[in-house]
Amino acid sequence: MSFWEIFAQQLFNGLLIGSFYGLVAIGYSMVYGIIKLLNFAHGDIYMFGAFTGMVALGLLSPAFGNAWLGIIAALLITMVFVGLFGVTIQRVAYRPMLKAPRLSILITALAVSMIIYNSMLLITQGQARPFRTGLTHESFFIGPLRLTETRIVLLVAALALMFLMHMFITRTMYGKAMRAIALDRDTCQLMGINVYKIIAITFFVGSSLAAAAGIMAGVYYGTIHFFMGFLIGLKAFTAAVIGGIGIIPGAMLGGLLLGLLEAFATQIPFVGTVWKDVFSFVFLILFLIFKPTGILGRVESERM
Amino acid sequence: MAEMKKSSHSPKKYPAVIDQIYNLFDNNVLRYFTFFIIISFLIILPQTSSRFTQEVMSNLFFYITVCLGLNIIVGFAGLLHLGYAAFIAVGAYTTGILSAVYGINFWATLPVSILAAIIAGLAIGAPTLRLRGDYLAIVTLGFGEIVRLTVRNIGITGGAIGLIGIERPVIFGYVLNQITHFYYMFFILAILAIFTSYRLHNSRMGRAWEYIREDEDAASAMGINVVSARLYAFIIGSAFGALAGSLYSAKMTAISPESFMFLHSVMFLLAVVLGGMGKIPGVILGAAIVTIFPEISRDIGQYRLIIFAFVLLLLMLYRPQGIWPDRQYISTKK
């Protein structure tokens, strides 16, 4: 393969993986922006979404003649279901802790993550599961780029979800309320915003986007397993930090950037696929050292 | 006020029983007598007990050492550390590589392993300790993964299979290879860890840590160098872990990357939080619960971690300060 072929291919792969990272990172970033919590369970919600999607697909796809229709139906149902799951977690575990010391709520998030992770480990017996979509994987070429229909649809769908999310944040009352709470929760309460309701909506949206990313990853890789959430949770956090944590467009940008970095890192001699995860974490640490506010972040004058 | 609002996170009075036990131990004679009894019991224990008990007990001593190290970072200095297993791995692999590959005497590897932990602690702590606590949590988590992936992927550590053939320690020509020997080795280590922890807690640095934990800005205003004090906590805590890791590798004679996973970091943290952050007897209690509970509940096997996580969740909701917290515990931070 020539240089340009590799370049185009990695560019596409990077964008696709990066859009998954971005979708998960949005949830991370929103929750951090609004209640200053690193939601460790978010990666596990992504994994939970992938498994819920698998079950939903198994139930729904016979009912639809077309494979894509089945996937879309499963995607929507899963997003709603996992969104509600996220809200439940928030209600049970995080809401009582909102006024607690920061360390306590962080440990609570860790405990929730352990519960989801180990429950899924028990249910699946630690086995990877095939994600059967019934799609054909015929590849074709556009210029130097080897593509499949599935990949194009996935990329378009991920970017569309990001765009919708951006619209939601910038154009709706709920989005406005979220941004206001991120700035100052107590004042929002005084202004008559139902803070708990907005936090619940945040968790709903974040979890459903993570679930969507989980299903897309299932379609893309063809198998899902119980530990798929741990690494992507870390990666999504990295993406959120790169973009500027708490800033939604930053999370998307950071996700795409991290995806591209990883895709190109696999082509660097001595890095390869084995070291690409190490590469992203080193990148995270470097970013935290030199620009902790991220690409789109502003310097905070107040200290916590 | 009759209707004083009860918040679960404001400073709480302990239940009367715990308070009474506390007051009981204010009496020095009674305290030292109790210590004497416990220590004598633990010294005699291997003479009368089975291999299994000794195995569990030496495991417990290992956990006590590790958790006390983590307690310095999390409990004393208030820095959430989620990659502590990586520092144990640093110690274990330093000793492992030096003794298995280069054939260096076990005792000579100990200073090297502490040095390695200090370097690792500096490498990860120096740039990140200026940041807020949450970032540190994720950086340490990322560092843990970096260490695990690195030892998986390079040749000298034996890759995913791990390192085998680590040499047994020798004292005066006498090879330590029985479980009883390791029982005493870990026992001495745990005693040292407890002693050092107490000394650190009462030292100038220990008070600085406590002060920073409660109010960083005030501490800084009073002239405490926050970053360097945190860095000390980080390095000293890491050294504890590395030392425990070295002994662990000598006991096991074989180590693999899977012994130092994120899960283990979580278990150590769980022990510290469960017992009571910053309180040395509390941490020992937490370590004992985390080690002994799985042994006596083998039947529930796989459900263990889920139950543990639920316990942790409930504990955070209803008793965030742990079972046996520091008496001066005040949670003012938001």
Side-chain angles (χ1 to χ4, degrees), chain A residues 28 32 36-38 40 92-94 96-119 121-122 125-126 227 230-231 233-235 237-238 240-241 245 272 274-290 292 300 303-304, chain B residues 7-9 74 78-80 82 123-124 126-128 130-139 141-150 152-154 213 216-217 262-263 266 269-270 273 277 301-318 320-321 331-334:
Chain A
Y28 241 118
Y32 190 84
K36 297 280 176 285
L37 162 70
L38 289 181
F40 280 110
V92 174
Y94 299 151
M97 306 293 292
L98 282 180
K99 290 197 167 62
R102 295 280 290 283
L103 201 60
S104 308
I105 189 165
L106 214 56
I107 290 167
T108 311
L110 216 56
V112 171
S113 160
M114 273 176 82
I115 291 170
I116 303 176
Y117 179 89
N118 286 298
S119 304
L121 170 64
L122 279 182
Q125 300 293 325
F227 54 84
F230 173 63
L231 208 57
L234 270 175
K235 296 279 182 64
F237 177 80
T238 308
V241 168
I245 194 152
V274 184
W275 292 99
K276 82 174 203 287
D277 294 336
V278 176
F279 181 80
S280 349
F281 297 136
V282 170
F283 199 70
L284 166 72
I285 293 171
L286 289 178
F287 234 94
L288 283 173
I289 297 167
F290 294 109
E300 277 180 62
R303 290 184 60 190
M304 291 295 291
Chain B
S7 157
S8 56
H9 304 297
V74 181
L79 305 164
L80 188 58
L82 292 177
I124 197 70
T128 52
R130 289 161 209 279
L131 301 166
R132 276 215 308 275
D134 301 347
Y135 284 122
L136 184 73
I138 210 85
V139 167
L141 180 49
F143 179 72
E145 280 302 293
I146 291 177
V147 169
R148 193 177 65 82
L149 289 168
T150 308
R152 257 187 90 91
N153 290 331
I154 57 179
R213 188 187 67 197
E216 187 189 324
D217 292 328
F262 175 61
L263 177 67
V266 172
L269 187 69
L270 179 62
V273 176
M277 282 182 275
Q302 291 183 303
Y303 294 94
R304 216 172 65 204
L305 284 169
I306 299 180
I307 292 171
F308 255 40
F310 269 112
V311 169
L312 192 62
L313 196 65
L314 290 175
L315 196 76
M316 281 298 120
L317 288 174
Y318 296 108
Q321 70 272 48
S331 63
T332 48
K333 274 191 295 182
K334 262 203 169 178

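Chain identifiers are assigned alphabetically (A, B, ...) following the order of the sequence lines, protein sequences preceding nucleic acid strands; residue numbering begins at 1 within each chain.
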I want to check something: taking the side chain as every heavy atom from C-beta on, are A:Ile107 and B:Leu315 in contact at a cut-off of under 4.5 Å?
no
Is there side-chain contact between B:Phe143 and B:Thr128, with at least one heavy-atom pair below 4.5 Å?
no
Chain B contact via A:Phe290 - which portion, at a heavy-atom distance below 4.5 Å:
neither
Taking A:Ala109's backbone N and O only, do any of them form a donor-acceptor pair with A:Ser113's side chain (distance below 3.5 Å, no angle check)?
no
Considering only heavy atoms from C-beta outward, does the side chain of A:Ile285 approach that of B:Ile124 to under 4.5 Å?
yes
Measuring only between side-chain heavy atoms, which start at C-beta, is A:Leu121 closer than 4.5 Å to A:Phe227?
no
Are any of the side-chain heavy atoms of A:Phe237 and A:Ile245 separated by less than 4.5 Å?
yes
Chain B: which of A:Leu284, A:Val282, A:Leu234, A:Leu231 shares the most heavy-atom pairs with it under 4.5 Å?
A:Leu234
Cut-off 4.5 Å, heavy atoms of chain B, and the answer for A:Phe279 is neither
Which of the residues B:Val74, B:Leu263, B:Ile146 is involved in the greatest number of heavy-atom pairs with chain A at under 4.5 angstrom?
B:Ile146
Below 4.5 Å, heavy-atom pairs only: which of B:Leu270, B:Val147, B:Thr150, B:Leu269 has the largest tally toward chain A?
B:Thr150
State, yes or no, whether a side-chain contact exists between A:Lys36 and A:Ile105 at a heavy-atom distance under 4.5 Å.
no
What option among B:Val139, B:Leu141, B:Val266 has the most heavy-atom pairs under 4.5 Å with chain A?
B:Leu141
Just so I understand: if I count every heavy-atom pair under 4.5 Å between each of A:Leu98, A:Asp277, A:Leu122, A:Leu38 and chain B, which residue has the most?
A:Leu122
Proximity breakdown for B:Phe262 and chain A, heavy-atom pairs closer than 4.5 Å
side chain
With a 4.5 angstrom heavy-atom cut-off, which part of B:Leu82 approaches chain A: side chain, backbone, both or neither?
side chain
